[in-house]
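Structure first, commentary second.
All values reported here derive from a predicted model rather than from experimental measurement. The sequence lines fix the lettering, A, B, ..., with proteins before strands; numbering per chain opens at 1.
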There are 2 protein chains.
Amino acid sequence: MGTSQADKVANHERIIDTAATMIRRDGLTSLSVSNLMQRAGLTHGGFYRHFASRDALITQAVDGALDRSASSYGIAKRGIPSKTSRSLGEIIEKYLSPTHRDDPGTGCAIAALATDVARGTEDTRTAYTQHVRGYLGRLSAALEGSDGGDDDPYLTLAAMVGAVVLARAVNDTALSDEFLSHTARGLRRIARS
Amino acid sequence: MGTSQADKVANHERIIDTAATMIRRDGLTSLSVSNLMQRAGLTHGGFYRHFASRDALITQAVDGALDRSASSYGIAKRGIPSKTSRSLGEIIEKYLSPTHRDDPGTGCAIAALATDVARGTEDTRTAYTQHVRGYLGRLSAALEGSDGGDDDPYLTLAAMVGAVVLARAVNDTALSDEFLSHTARGLRRIARS
DNA sequence: ATTATCTATAGATCTATAGATAATGC
DNA sequence: ATTATCTATAGATCTATAGATAATGC
């Protein structure tokens, strides 16, 4: 139907953006090409002028989801520290909030895609690993001087990811809230000591 | 081809057992009926004499995976404390071992199915939630007397699940090992204090 | 005779491709 | 003329069903 090259770039980015949200919400395997294109306002046939295959898109969508969510949580892309550096207390509060739990589509991709990436391609695992290192670096700096030494950044990230993942899986709102609040308080305690 | 009722029961249980391993390894959405029946040594047509639908099997397979892995990690079925009660140190060591990380098919279903269950049916979420309560109860008893009070069981479970999930997703063996060892040491520290 | 499993297949869905369509941009 | 998207479809796969087959168990 004839579209400018500028429109093509905009469409390309909208496809990736839409996919980045869909995979965080529904997982990697649930994403279908026609469903994705429909949500992006296009038809499925045009997809293959943008991406070589469904797998190629998945790789870019995982990358996009990691980048977008990392900058949203105070950790910049691929391990480079963010300029708008948040305090540890702020990171914990935002990460372990009901808002974050209730909107996986725009939330941290490390939590949303953890088990999916473990079953995915090496490319997605490599991108994922780089972002995990970024989070660890950010937490190490914020935890400087805590008693736990090297252990605390790993423990903190594991607990943050685990609490969000459990809070989302569990069927009971009260229990879900408890995972967020108790884990947050426990982590603040570690950071202070 | 004519099979006794005793064989039918054995086949039924083998199908669930096989499915419980397959879903922990590859996720809920990847499981296909024909693939499952093939691995169980049967043909796909017979499946519907055992289960009303693929969804009905998924519910039973999630339940089976939760039951089997819970008893393996010292927490008995549906919140009832195990008779062979392990110490917290033993639970942490076994849960955060490379062996557990490397064999999700027989490992803890709470870690393996976390994001899948969050996207699944209410039935599977209810079963999952009951088992999470079982783990929390077990950890509460083991953490009796720690300084963190109510926070510690939630923090401990979140960190255990998060560390295993991250250790599996990450692409680098050294980093993966660090998640297990640092989280284990951090949690032992919390338990002592 | 009953029934657990197998063979065959219908209907739906999904990835990927081929050719048509209609605006862009030289 | 080029090209970004659309329409139509091929080929594969998946859930579920129907009828055939061959032991079981009264």
Side-chain angles (χ1 to χ4, degrees), chain A residues 1-64 116 119-121 123-124, chain B residues 1-64 116 119-121 123-124:
Chain A
M1 291 206 176
T3 310
S4 71
Q5 288 184 8
D7 280 348
K8 183 181 183 183
V9 172
N11 285 343
H12 188 90
E13 279 174 13
R14 198 173 64 257
I15 295 169
I16 294 179
D17 234 59
T18 307
T21 298
M22 289 173 74
I23 58 174
R24 274 179 284 182
R25 221 175 257 157
D26 307 320
L28 297 185
T29 51
S30 296
L31 186 91
S32 86
V33 170
S34 57
N35 200 344
L36 164 65
M37 292 299 275
Q38 200 172 324
R39 291 204 194 206
L42 299 164
T43 55
H44 66 278
F47 176 84
Y48 293 90
R49 286 279 177 131
H50 288 281
F51 305 95
S53 66
R54 179 182 175 280
D55 255 22
L57 162 85
I58 293 280
T59 303
Q60 292 188 50
V62 168
D63 226 55
D116 293 270
R119 299 165 188 144
T121 63
D123 277 353
T124 58
Chain B
M1 289 207 178
T3 310
S4 72
Q5 288 183 7
D7 280 348
K8 184 181 185 184
V9 172
N11 285 344
H12 188 90
E13 279 174 12
R14 197 172 65 256
I15 295 169
I16 294 178
D17 233 60
T18 307
T21 298
M22 288 173 75
I23 58 174
R24 276 178 282 182
R25 220 174 257 158
D26 306 320
L28 298 186
T29 51
S30 297
L31 186 91
S32 85
V33 170
S34 57
N35 200 343
L36 164 65
M37 292 298 276
Q38 200 171 323
R39 291 205 194 205
L42 299 164
T43 55
H44 66 277
F47 176 84
Y48 293 90
R49 287 277 176 132
H50 287 282
F51 305 96
S53 66
R54 179 181 175 281
D55 256 22
L57 162 85
I58 293 280
T59 303
Q60 293 188 50
V62 168
D63 226 57
D116 294 89
R119 299 165 188 146
T121 63
D123 277 352
T124 58

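At a threshold of 4.5 Å between non-hydrogen side-chain atoms, the residues B/Phe51 and B/Ile16 count as touching. Side-chain atoms of B/Asp116 and B/Val62, non-hydrogen and from C-beta on, never get closer than 4.5 Å to each other. Here the side chains of B/Arg54 and B/Leu31 are in contact, with some heavy-atom distance below 4.5 Å. A/His50 is not listed as a side-chain neighbour of A/Gln60, based on a closest heavy-atom distance of 4.5 Å or more. No side-chain heavy atom of A/Thr121 sits under 4.5 Å from any side-chain heavy atom of A/Ile58. Between A/Thr43 and A/Met37, the closest side-chain pair of non-hydrogen atoms is not below 4.5 Å.
Residue-to-nucleotide proximity on DNA chain D shows that, of A/Gln5 and B/Asp55, the 5′-proximal contact is made by A/Gln5.
Rounded to an integer number of Å, the gap from CZ of A/Phe51 to C1' of C/dT17 is 18 Å. Regarding A/Ile58, its CD1 atom lies at a distance of 15 Å from the C1' atom of C/dA16, rounded to whole Å. Per the geometry, CZ belonging to B/Phe47 stands 14 Å off C1' belonging to C/dT5, to the nearest Å. Atom pair A/His50:NE2 and D/dT3:P shows a separation of 14 Å (rounding to whole Å applied).
Test A/Asp17, A/Asn11, A/Thr18 against A/Arg14 for side chain to side chain donor-acceptor pair (under 3.5 Å) and you get one pass: A/Asn11.
Under the Watson-Crick or G-U wobble criterion, with both distances below 3.5 Å, D/dC6 is paired with C/dG19. Base pairing of D/dA1 is made with C/dT24, judged by Watson-Crick or G-U wobble geometry with both donor-acceptor distances under 3.5 Å.
Residues passing the side-chain hydrogen bond (donor to acceptor under 3.5 Å, both in side chains) test with A/Asp26: none are found, sequence neighbours excluded.
Of all the residues in residues 6-17 of chain B, B/Lys8, B/Asn11 reach under 4.0 Å from DNA chain C with at least one non-hydrogen atom.
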For nucleotides 11-15 of chain C, print each protein N/O atom paired with a nucleotide N/O atom at under 3.5 Å, atom names and distance only.
| from | atom 1 | to | atom 2 | distance (Å) |
| --- | --- | --- | --- | --- |
| C/dT15 | OP1 | A/Arg54 | NE | 2.9 |
| C/dT15 | OP2 | A/Val33 | N | 2.9 |

